Each structure stands twice: as structure tokens, then as C-alpha cells.
**Q** 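Encoded as C-alpha cells, here's the structure I'll be asking about.
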Number of protein chains: 2
Amino acid sequence: MARPERKTVRDVRKGNRGMLLRTLYFGGPRSRHELTGLTGLSAATISTMTGDLLTEKILMEAGQVESDGGRPRVLLRVNPVYAYLIGVDVAETHVRVELFDLEMAEKARVDYTLRPSHHDIELVARRILAGIDVVLADGQVDASQVLGVGIGVPGIVERGAPDALIHAKTFGWDGVPLGALMRAGTSLPVFIDNGAKTMGQAELWFGAGRGADHAVIVLIGSGVGATVVADGQAVRGTSNSAGEWGHTKIEMNGRPCRCGSRGCLEAYIGAEGLLARAGVPVQTTDWPSALGRVLHDGGPVVDETVTYLGTGLANLINMLNPERILIGGWAGLMIGERHLDQIRVVVGENSLTQPYNATSIVLGELGPDAVAMGAATLVLEEFLDTSAPLRLHAAS
Amino acid sequence: MARPERKTVRDVRKGNRGMLLRTLYFGGPRSRHELTGLTGLSAATISTMTGDLLTEKILMEAGQVESDGGRPRVLLRVNPVYAYLIGVDVAETHVRVELFDLEMAEKARVDYTLRPSHHDIELVARRILAGIDVVLADGQVDASQVLGVGIGVPGIVERGAPDALIHAKTFGWDGVPLGALMRAGTSLPVFIDNGAKTMGQAELWFGAGRGADHAVIVLIGSGVGATVVADGQAVRGTSNSAGEWGHTKIEMNGRPCRCGSRGCLEAYIGAEGLLARAGVPVQTTDWPSALGRVLHDGGPVVDETVTYLGTGLANLINMLNPERILIGGWAGLMIGERHLDQIRVVVGENSLTQPYNATSIVLGELGPDAVAMGAATLVLEEFLDTSAPLRLHAAS
DNA sequence: GCCGTTTCGTTCACGCATTGAACTAACATG
DNA sequence: CATGTTAGTTCAATGCGTGAACGAAACGGC
């Protein structure tokens, strides 16, 4: 029973301001008049609030629209260069740092290749910090204009005071305090989450998940994960490790999985498991094209994969009753592009009629590179919620 | 993205009042002074607010406590007879109507036996309405003192305007408007939800789930369902049918399930499936004692059941990362009482270390009869949220 | 060029919320 | 009975959203 916080009149302002900002952020340019309808606030409140936001330069005017016979509407929009966001994607093979403006337009990017089994946490932290400096220089943005840094990492991110701890087996990270390392090198606010979750967040906010209140975004790469969204909020669980869909069992005494257990969904539909089942040699390095060949050739392994994937999705539908399911991740997109219709059929056979009819199954829109963007979304979310004025943090 | 509502200063009051009420409801009698600490509100606010609540008779004084050397504390508590709640359990074999006071003490109850395949909706509605009159008479409570009626029904309850529709295959109900029928016979506010969910709600509020923000309450009877709680809120899904855990697939091409599909968890751990697998004759009527014998005798079917159940729970843990899992339902309690330790072992083998360690698995406390109480909880929840004054509705 | 009309946006007194500070109430101790 | 201590209340200050009155900026007709 999450107990609500004490509220004062000031929280009212904060909440309404955030709502107005969100409306304008996602609802395009609008006039003050339209905003009264969209937010439910009175014209008086809209007037004073937009006044504030304009002088703070969070909003800007965006032209006029004639209004048959009367005073023309002045359109307002979020000022995309009011501030900037940094998103970081820490993956097995690279560290990518991207700079976005408030509207998520990419302003600069830098990639660092990571040698396999060279995932020393200090090295990764140094790369990120260096990357921040590089994108700021490239984008000609001062650190004081940056709202924060979002980082998507593999593995489980245990959020807790004072510091988020990261557990990533494949990296050899066991309770690594990346947040603390970052704070030692920059004064920017840092947000860390699992990369699959940040990607889900990106799809939910800017991709195929827009507007969905109940959704599941599944990510199929070499690993398999999911982001569950209920009532517009990501379900994190008690230690922020919800969404390990890949290691739910779909078959008793099934194939061994790299997690040590058996019958995990990931062992069937994850790229690694899929390719192994199709007899692709282990030493293959270019997995995507290998997967392309397997899918092109077809055969029982592909059919099986569709069946396992569809059944897994059906389980999500029965359990969570989402209005939308997004399939993402490089392998997920490849499978989905060829077999989405078949998948839908399998899902239909394995889920209850009523929730099945309430769900649409679609592919992700943002491609597999959205991890950094989703990470930046963590910062954006904080900004839209609090619309905290800039500059409580000094330059990096 | 569930957009927040417009807020005014009055909503602040409503929210804080609700918080104070909840604190007092679950936190026993407290003095005004203690409440400042517990709620975070100032002494001034507590003073005026408790003043209001006392004159409205929602609160009452509950003695004094000396306070070494100073003015004694006056304890405040929720007035249990300020108002009453009615909970209804519509099951396959009976309709039960119970009257509770505000503190969920049972004041009266009445049972109506339902003949199998005699689930005419009009009949059920008549039984409920009659039951309401009976318990009010027995408990010597006037309808005007009742906050509302909560009803737990089998099947899927599709919540929507203007009316909740109920789909219950086993009852032959397909889109039945029970709410409308109730409103035709009583002016009391009516809340309807799935019985498994109301039971989950009861365990969460008054049973083994107290205080858990992330929990899953599984209900194992002849059918199998689950209530998912994330951030203190029940996850309902987009059409209120989340939680159909029993029909998630645990085995590809497994046993046929009464839902028409194969390999559903319910086909293995539901009482019906379990007994069938153990070779108990179909015509057996006393399922609980039959199950008792099977469990007592042991053997591979029981071991298998434990494995299936543990694996199913492991999937929940991986997917949702709850802090607590409650096992309820008459069959669930029988299995759990004998085999909880074994179940925990299986769960450990089939879930990821980190989320497993964050979860405790316990038995439900309220027994299988908590459906009506949970239904009444729906009314209570509404009351605590809004603390709506009584009497916007006339007598029934 | 002027005026009425229409639509958009702003200003201001009002009601209602929490709060800190000053105050009163109720006890124990010596 | 005076003093100290803790509990609870009252009140002016401050902040917020709102409706009503007002001001601003266009158009059309003359």
C-alpha cells in the first residue's frame, strides 16, 4: 500500500505545471485557449503559468493561427534548446554517448568500442565521462545547460540509497556502484537503469507505444527481456528487477539456458538459443546475418520459434492484459518482420479470448539503437514531472 | 501515459484527509501529536482536520495516555460504527452476503445455496438483494448507514461505462450487466470485481500481504488465478482481466485444459487437474477430502504438482519481482501447508538469484472465505480515498 | 477610416489549503 | 501554588486556482 505523501498548495502548482508541460510536449504547439480545454485548467491559471514558463524560457512562442473573425491564437511550444539531455548506452561491444535537445533530436554522438571481456567498470566510467565531454564540445553545449545523464546498462540495476548497484553477470559486475563513480567525475544528475528498460521507455514515449496505458515491450536480442507498463507506469518490482521475461519457463525440463536453469524462453527465442537450435556454428560472429539466413531458409526451427514466441506473448496477455504489445530488439524485429501474422495466430490460440481481443501486437518503431535515447528519457521524465529549474548543479 | 488530473487546493485537502484516515485505520489509535510525525502534516493541520472528522463522527476518542510530565495525549481512532460495508461472494455453489462494520468485524451473514447449473443472473441478483435486507435486519443497521456493496463474482469483470459486464463461462454469463440489475433494486453504491481479485485484496489489506507494495497473491482452487500488486496498486490491465495466471502455459503441448488450450498451469495445479492426474474418479464430489488423501499418500503426482507450482511461482518472481508471494485458495492452502518448503526449493532453482532473494513466499492468512470481505474492501478503499460523507444515496 | 463583433488573453478579488508562531490546556513535581 | 513540560488550538501569512470583469487583436461592413 504505497502511502501518498503529504501535499501542500505548492504541490498543486507543481502537478499542474507538469501536466501542462506534458500536454505541450506531446500535444504539439497549442494556444493558451486550447490548453484550457486540454488541461482542464482555467484560462486564468493557464495565463499565469504560461507567463512563468515563457519568462523561464522553457516555453516559446510558435507563430500565430488566425481564428475566424477574432484575435488570432498565439501558439506555444516547448523550447527545444532550453536544455539538453545526455543518454548513454553501455552494451557488450560498445559504449555510446549521445546528446539530445529537449525534443530528443540528436545533437552529437560518440562511440567507444569495448573489447570483449574488457568490461572493467573503471574503464567504462572513464569512457562515459570522456564521451560526455566530447558530445558537449561537438554539440557546442555547455554542461550547465544539461539536465542530466541517463545510462542504460546490461543486467539488473538495484536502485537503492545511497547508490544504485549493478549486477551484470556477463560483464563480471556484481554490485558495481556506477553511480558513485559517475558522481566522482561529473556534477550532472545521473540516472541509471537496465538497457532493456530504457529501450522500452523510449518506445513507450516516442515509438510504437505512444499513448498506451497498459503495454508490454519485449526486447529480443541475444538476451530476452521485457518492460511492463501498467497504468502508464513502468512496473519495476521491489528491487527494480521486474521484466526478466527471458528466464520464465515455457517448458518443463526444456533446453538448458545460460542462466543455469532449463526451459527458459530465452533458450528458444533469444538469438543465441535460436541460432544454436538451427545448427549455426558457435564461432559465428555476425549474428544478424546468420539469423537472416535462418529465417530466410525457414524450416521447423523457425516455426518452433514462432510457436514459443507466440506462447510467451500469450502468457503475458493472460497475466497482464495489456492493450498493446511491442516487439523490439534486433532479433525480435527480424523475426517479427517476417512472421508477425503467424505470431498473432499462435497468440490467439494460446490466450483467452477476451484479453486477446483487447491487445494489439505490433513491432517497435525505434530500432535497436534506442537504448541511449531511452536513457535520456529518464532525465526527461524527471524534468517533466518536476520541471525543476536548471542549475542546481555546477558545470562538470 | 496516464495523465494526471487537474488539481486544485481542495484536492490537497482530500488527499491529506485520506492519508490521515488511512494512517489511523491501519496504524491503530494515535494521538494528534503522533499523527504529525506519521503524516508529515503540521500540528495545525492535524488539529483542524481531526476536529472536522470528530464532528463528522468518522473519528472518535479512544482514551488517554499519560505523557511523562505533561498534558496527556488523547488517542484518536476510526469510529467502527460510523458506517457499515456489505460484501457479497457469488460462487458456484452459493451466494453469501456479509455485513461488516468499518473495521471489518462481521456483524451478520446469510448464505443462499445455488443449485448447480442454476445460475440465472436474475436469480442471483434477487438473492443478493434479499441478502442485503436480511443482514441489515439481523445487524440492526439502517441502509442509510451503509457505504456500499462490494460483490465478488467468478469470471472476468469488464469495467466500463456505463456498466460493468461480467463474463463467466462456467455460469453461462456472457456480458451480463449485474451492476444494472443491482441498481434497479437498491440505491446503494455497488462495486463489482472478480472474486479471486477481491480475495487478493483482502489478503493484501488484512491478511498476510499487509504492508507489501509489490506482491502477488495466487489463488488455487478448482481454478487458478492471481492478483498482481505493483506499487501498492492492483494491476488490472486494460480491460480488468489481468491475473489469469492459471492459463499461462507452463508446458508446450501439455495436458489439455478446460479452457480449450494445452499446457496451462491450471491443468496441473488446479484442484480439478490435480485430482484427475492422481486418478481420482470424476464423479467425486468432496474435492477437499479427496485432495487431502492424495496429498497424504504422496507419490509422483504430488511431487510433480509441487514442481509445476514452484515453477509457476518462479516465473512470477522473474517477471514481476514481488517482495511477497501469498498462496491462497482452498487447494493452495492444502498444498502449501504440507509442501511449502519443497515449493520454496523449486522456486529457488527456477528463478534468478537476485529477485528470488528479494521475495518471501508465505501462505494466505484469511482462508478461502475471504471473498466477501475482499469485496467489502472495495467499498472501504473508496471511502478511505475520498472519505466521502455518507448519505448521497437514499435508503434502499 | 471607423465601428461593432468575435475571439483570445490578462488582471484581480475571493475562497480554500497548509504553516509557523504565539497561545492555551492539562498534567507532574517540588 | 509556582514552575516546567508536553499536547493541542488559534491566527495571520502565504500560495494556488477560479470566475468575472477587463483589455487586446483581429475581421467585416460601411
Side-chain angles (χ1 to χ4, degrees), chain A residues 4-21 23-24 29-56 59-77 386-387 389, chain B residues 4-21 23-24 29-56 59-77 386-387 389:
Chain A
E5 290 284 291
R6 171 204 72 153
K7 290 268 190 299
T8 78
V9 276
R10 266 141 136 153
D11 296 306
V12 174
R13 178 69 135 193
K14 214 184 277 180
N16 286 339
R17 197 173 131 121
M19 178 180 52
L20 188 149
L21 220 43
T23 313
L24 232 29
R30 295 285 181 178
S31 72
R32 294 173 176 77
H33 197 76
E34 291 172 298
L35 286 172
T36 63
L38 291 168
T39 61
L41 292 164
S42 71
T45 304
I46 295 290
S47 184
T48 59
M49 212 143 62
T50 53
D52 288 356
L53 289 165
L54 280 166
T55 61
E56 292 175 56
L59 295 185
M60 59 187 287
E61 301 199 342
Q64 304 201 160
V65 171
E66 63 194 20
S67 105
D68 35 30
R71 177 177 173 174
R73 290 187 267 251
V74 176
L75 296 181
L76 301 175
R77 56 173 295 189
T386 67
S387 70
Chain B
E5 291 282 292
R6 173 202 69 151
K7 290 267 189 301
T8 77
V9 278
R10 265 140 134 155
D11 297 306
V12 174
R13 178 69 135 195
K14 212 183 279 178
N16 286 339
R17 198 173 131 121
M19 177 180 52
L20 188 149
L21 220 43
T23 311
L24 231 31
R30 295 285 181 177
S31 73
R32 293 171 177 79
H33 197 77
E34 291 173 298
L35 285 171
T36 63
L38 291 168
T39 62
L41 292 164
S42 71
T45 303
I46 295 289
S47 183
T48 61
M49 213 142 60
T50 52
D52 288 356
L53 289 165
L54 280 167
T55 60
E56 294 175 55
L59 295 186
M60 60 188 286
E61 300 199 345
Q64 305 201 159
V65 171
E66 63 194 20
S67 107
D68 35 29
R71 175 177 174 174
R73 291 187 267 252
V74 176
L75 296 181
L76 301 175
R77 55 173 295 190
T386 68
S387 69

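The chains referred to below are lettered A, B, ... by the order of the sequence lines, with proteins before strands, and numbering in each begins at 1. All heavy atoms count here, side chains included; hydrogens, waters and symmetry mates do not. Predicted model, so just to flag it, every value in this text is computed and none were measured.
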**Q** Side-chain N or O of B/Ser42 versus OP1/OP2 of C/dT19: is the shortest distance under 4.0 Å?
**A** yes
**Q** Are OP1 or OP2 of D/dT18 and a side-chain N or O of A/Thr45 less than 4.0 angstrom apart?
**A** yes
**Q** May I ask you to verify if any side-chain N or O of A/Asn16 is less than 4.0 angstrom from the OP1 or OP2 atom of D/dG17?
**A** yes
**Q** In whole angstrom, give the distance that lies between atom CG of B/Leu54 and atom P of D/dG8.
**A** 11 Å
**Q** Would you mind telling me which of C/dG20, D/dT18, D/dA25 lies closest to the side-chain atoms of A/Pro72?
**A** D/dA25
**Q** I'd like to check B/Arg30 versus B/Thr23 (side-chain heavy atoms, cut-off strictly below 4.5 Å). Are they in contact?
**A** no
**Q** Taking only side-chain nitrogens and oxygens of B/Arg73, does any of them come within less than 4.0 Å of OP1 or OP2 of C/dC27?
**A** no
**Q** Tell me, do B/Leu41 and B/Leu35 make a side-chain contact under 4.5 Å, heavy atoms counted?
**A** no
**Q** Using the side-chain heavy atoms of A/Arg6, tell me which of these nucleotides is nearest: D/dG15, D/dG23, C/dT19.
**A** C/dT19
**Q** How is A/Ile46 classified with respect to the nucleic acid when contacts are heavy atoms under 4.0 Å: base, sugar-phosphate, or nothing?
**A** nothing
**Q** Between D/dT18 and B/Arg10, is there an OP1 or OP2 to side-chain N/O distance shorter than 4.0 Å?
**A** no
**Q** How many Å lie between CD on B/Glu34 and C1' on D/dG8, as a whole number?
**A** 13 Å
**Q** Between C/dG9 atom C1' and A/Gln64 atom CD, what is the distance in whole Å?
**A** 12 Å
**Q** Can a side chain N or O of A/Arg13 be found less than 4.0 Å away from OP1 or OP2 on D/dG17?
**A** yes
**Q** Specify the separation, in whole Å, of atom CG of A/Leu75 and atom C1' of C/dC8.
**A** 12 Å
**Q** Would you please confirm or rule out a distance under 4.0 Å between OP1 or OP2 of C/dA17 and any side-chain N or O of B/Arg17?
**A** no
**Q** Could you state the atom-to-atom distance from CD of A/Glu61 to C1' of D/dA25 in whole Å?
**A** 14 Å
**Q** For the side chain of A/Val12, starting at C-beta, report the closest nucleotide among D/dG17, D/dA25, C/dA17.
**A** D/dG17
**Q** Atom CG of B/Asp11 and atom C1' of D/dG15: how far apart are they, to the nearest Å?
**A** 15 Å
**Q** Could you please name the option among D/dT9, C/dT10, D/dA25 that lies closest to any side-chain atom of A/Arg32?
**A** C/dT10
**Q** Between B/Arg71 (CZ) and C/dA26 (C1'), how many Å, whole number?
**A** 6 Å
**Q** Provide the closest heavy-atom pair for A/Arg6 versus B/Gly40 in the form atom of the first, atom of the second, distance.
**A** CD-O, 2.9 Å
**Q** Check whether any side-chain heavy atom of B/Val74 lies under 4.5 Å from a side-chain heavy atom of B/Arg32, and answer yes or no.
**A** yes
**Q** Go through C/dT19, D/dC16, C/dC12 for me and flag the one nearest to the A/Ala44 side chain.
**A** C/dC12
**Q** Measure the distance from NZ on A/Lys14 to P on C/dT18 and round it to the nearest whole Å.
**A** 16 Å
**Q** Below 4.0 angstrom from OP1 or OP2 of D/dT9, is there any side-chain N or O of B/Ser47?
**A** yes
**Q** Kindly indicate whether the side chain of B/Ile46, heavy atoms from C-beta on, has any atom under 4.5 Å from the side chain of B/Leu20.
**A** yes
**Q** Looking at B/Asp11 and B/Arg17, does any basic side-chain N land under 4.0 Å from a carboxylate oxygen?
**A** no
